[in-house]
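What follows is a short report on a single structure.
Along the sequence shown, residues are numbered consecutively beginning with 1.
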Amino acid sequence: MSNISIIIEERPANIGNFMVGRLLPFREKRMVGPFAFIDHMGPAAMSDHENLDVPPHPHIGLSTLTFLFDGEIEHRDSLGTDIIIKPGQVNWMTSGSGIAHSERTPEYLRHTDKILHGLQIWVALPKALEQMEPEFFHVEEKDIPSWEQDGVNIKLIAGEAFGKKSPVPVYCPLYFIEIKSTKRQKLNIGDHLFGESALYILEGGIESDGHLFEPKLILIANDAKLCEFTMLENTTVYIFGGEPFPEERFIYWNFVASDKNLIEKAKQDWLEQKFKPVPGETDFVPLPNQNPHLKK
């Protein structure tokens, strides 16, 4: 019997002036472990007059993980953070009770041709930490565990697996793993995984139970312990998952919570612009279905 329970295809979504491929949530599978949202950005070739510009917008009840393959993004938030994220680095922003941030092409790239490509991920917080104080951490590529094993290159971007631990300060049992192979290679890594598990194919392809799966697909496992597949030549996959929460999570726009009242409060706070502002920013993304010309 196949160990694949659900196959999710990338769906186009607009995040302002930029199109992305939406992977999670999906109508048949809202979350995988604590992972509530995944967008695949690009690869997008932008000319010297095209830039990423996502004005300040709010979050509650989650941590965001930004991981780039190509290009650069300037992250600013209401904690006063102003940092450039580059390929291989990790931006980990925990919203807790509420944070606002913007994402833009850095000034020194705004008049050049460039490419932007990466993943943006939301990890829901445990119920006891949903209202924690906001935090931000930036992790350099050199500090992320990376090694060769069974003929493939593995990187533990976040969480714990393979007896290793990423320096990204996660708040629940999870894993987010990159695996790269230059040659055809069979893997059986189920003993290193736990909870719910999924595999995203970025490039190349994999074979499982006699079926070929190509890029832009997420494969949800029936049982993480049975995670066995064959990677084709020049393949990159991301495996993510962890222990699911006992409570349901509700998602509205950029808000995630176990209690709908927390979302209603966040909606009202953003509508009234009660979130702490982002230094250096003057505009913002209005609450959906509200007047786009509303000002602070």
>> Could you walk me through whether Trp122 and His59 satisfy the ring-ring contact (aromatic ring centres under 6.0 Å, His included) test, starting with their C-alpha distance in whole Å, then the side-chain angles of each, then the deciding distance to 0.1 Å, before giving a yes or no?
In response: CA-CA 10 Å; Trp122 296 357; His59 291 286; 5.3 Å; yes

>> Apply ring-ring contact (aromatic ring centres under 6.0 Å, His included) to residues Phe194 and Tyr175 and explain how you reach the verdict.
In response: CA-CA 9 Å; Phe194 56 88; Tyr175 45 86; 4.9 Å; yes

>> Please determine whether side-chain contact (heavy atoms from CB on, under 4.5 Å) holds for the pair Phe284 and Ser102, giving the CA-CA distance in whole Å, both sets of side-chain angles, and the decisive distance to 0.1 Å.
In response: CA-CA 8 Å; Phe284 65 96; Ser102 64; over 6 Å; no

> Which is it for Arg104 and Asp283 under the salt bridge (Lys or Arg N to Asp or Glu O under 4.0 Å) test, yes or no, and what are the steps along the way?
Replying inline: CA-CA 13 Å; Arg104 300 185 187 274; Asp283 58 345; 3.1 Å; yes

> Would Phe69 and Tyr238 count as a ring-ring contact (aromatic ring centres under 6.0 Å, His included) if you check the C-alpha gap in whole Å, the side-chain angles of each, and the deciding distance to 0.1 Å?
Replying inline: CA-CA 12 Å; Phe69 312 130; Tyr238 290 87; 5.6 Å; yes

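Taking the six-membered ring where the residue is Trp, the centroids of Phe240 and Phe67 are separated by 6.0 Å or more. Ring centroids of Trp92 and Phe137 are separated by 6.0 Å or more, keeping the two rings apart.
A salt bridge is absent between Glu141 and Lys86: the closest approach of a Lys/Arg side-chain nitrogen to an acidic carboxylate oxygen does not fall below 4.0 angstrom. Taking 4.0 Å as the cut-off between side-chain N and carboxylate O, Arg110 and Asp53 count as a salt-bridged pair. The pair Lys155-Asp143 does not count as a salt bridge, with every side-chain nitrogen at least 4.0 angstrom from each carboxylate oxygen. Ionic pairing of Lys186 and Glu207 is not present here: no N-O contact between side-chain nitrogen and carboxylate oxygen is shorter than 4.0 angstrom. In summary, Glu214 and Lys216 do not engage in a salt bridge, as defined by a charged side-chain N under 4.0 Å from a carboxylate O.
Residues Gln185 and Glu233 bring no donor and acceptor atom of their side chains to less than 3.5 Å of each other. Glu272 and Gln268 share a side-chain donor-acceptor pair at under 3.5 Å. Side-chain contact check for Ser258 and Glu130: at least one donor-acceptor pair (N or O, by modelled atom type) lies under 3.5 Å. Side-chain contact, Asn234 with Lys180: no donor N or O sits under 3.5 Å from an acceptor N or O. Between Tyr108 and Glu72, the side chains place a donor N or O and an acceptor N or O closer than 3.5 Å (distance only, hydrogens not considered).
Remark: of the listed residues Ile179, Ile177, Val152, Ile179 is the sole one forming a side-chain contact (heavy atoms from CB on, under 4.5 Å) with Val237. Of the options Asn153, Leu156, Thr236, a side-chain contact (heavy atoms from CB on, under 4.5 Å) to Glu178 is made by Thr236 and by none of the others. Across Val32, Leu119, Ile239, Leu219, a single residue satisfies side-chain contact (heavy atoms from CB on, under 4.5 Å) together with Tyr200, and that is Leu119.
Cluster membership check: Tyr171 shares its hydrophobic cluster with Ile157, using side-chain heavy-atom separations under 4.5 Å among Ile, Leu, Val, Met, Phe, Trp and Tyr. Cluster membership for Phe35 and Leu129, using ILVMFWY side-chain heavy atoms within less than 4.5 angstrom, is shared. Cluster annotation: Leu79 is not connected to Val54 through the hydrophobic network of ILVMFWY side chains, with a link wherever side-chain heavy atoms come within less than 4.5 Å. Follow the hydrophobic side-chain contacts under 4.5 Å out from Ile218 and you reach Leu202 in the same cluster.
Aromatic ring orientation, Phe136 versus His138: parallel (interplanar angle below 30°, classes split at 30° and 60°). Taking the six-membered ring where tryptophan is involved, the planes of His40 and His117 are tilted, since the angle between them lies from 30° to 60°. Between His75 and His101, the ring planes are tilted. Angles from 30° to 60° get that label.
Within 6.0 Å of the NZ atom in Lys267, the count of heavy atoms belonging to other residues, nucleotides or ligands exceeds 12. Surrounding CD of Glu243 are more than 12 heavy atoms belonging to other residues, nucleotides or ligands, all under 6.0 Å away.
The ring-ring contact (aromatic ring centres under 6.0 Å, His included) test applied to His192 returns Phe162, not counting sequence neighbours.
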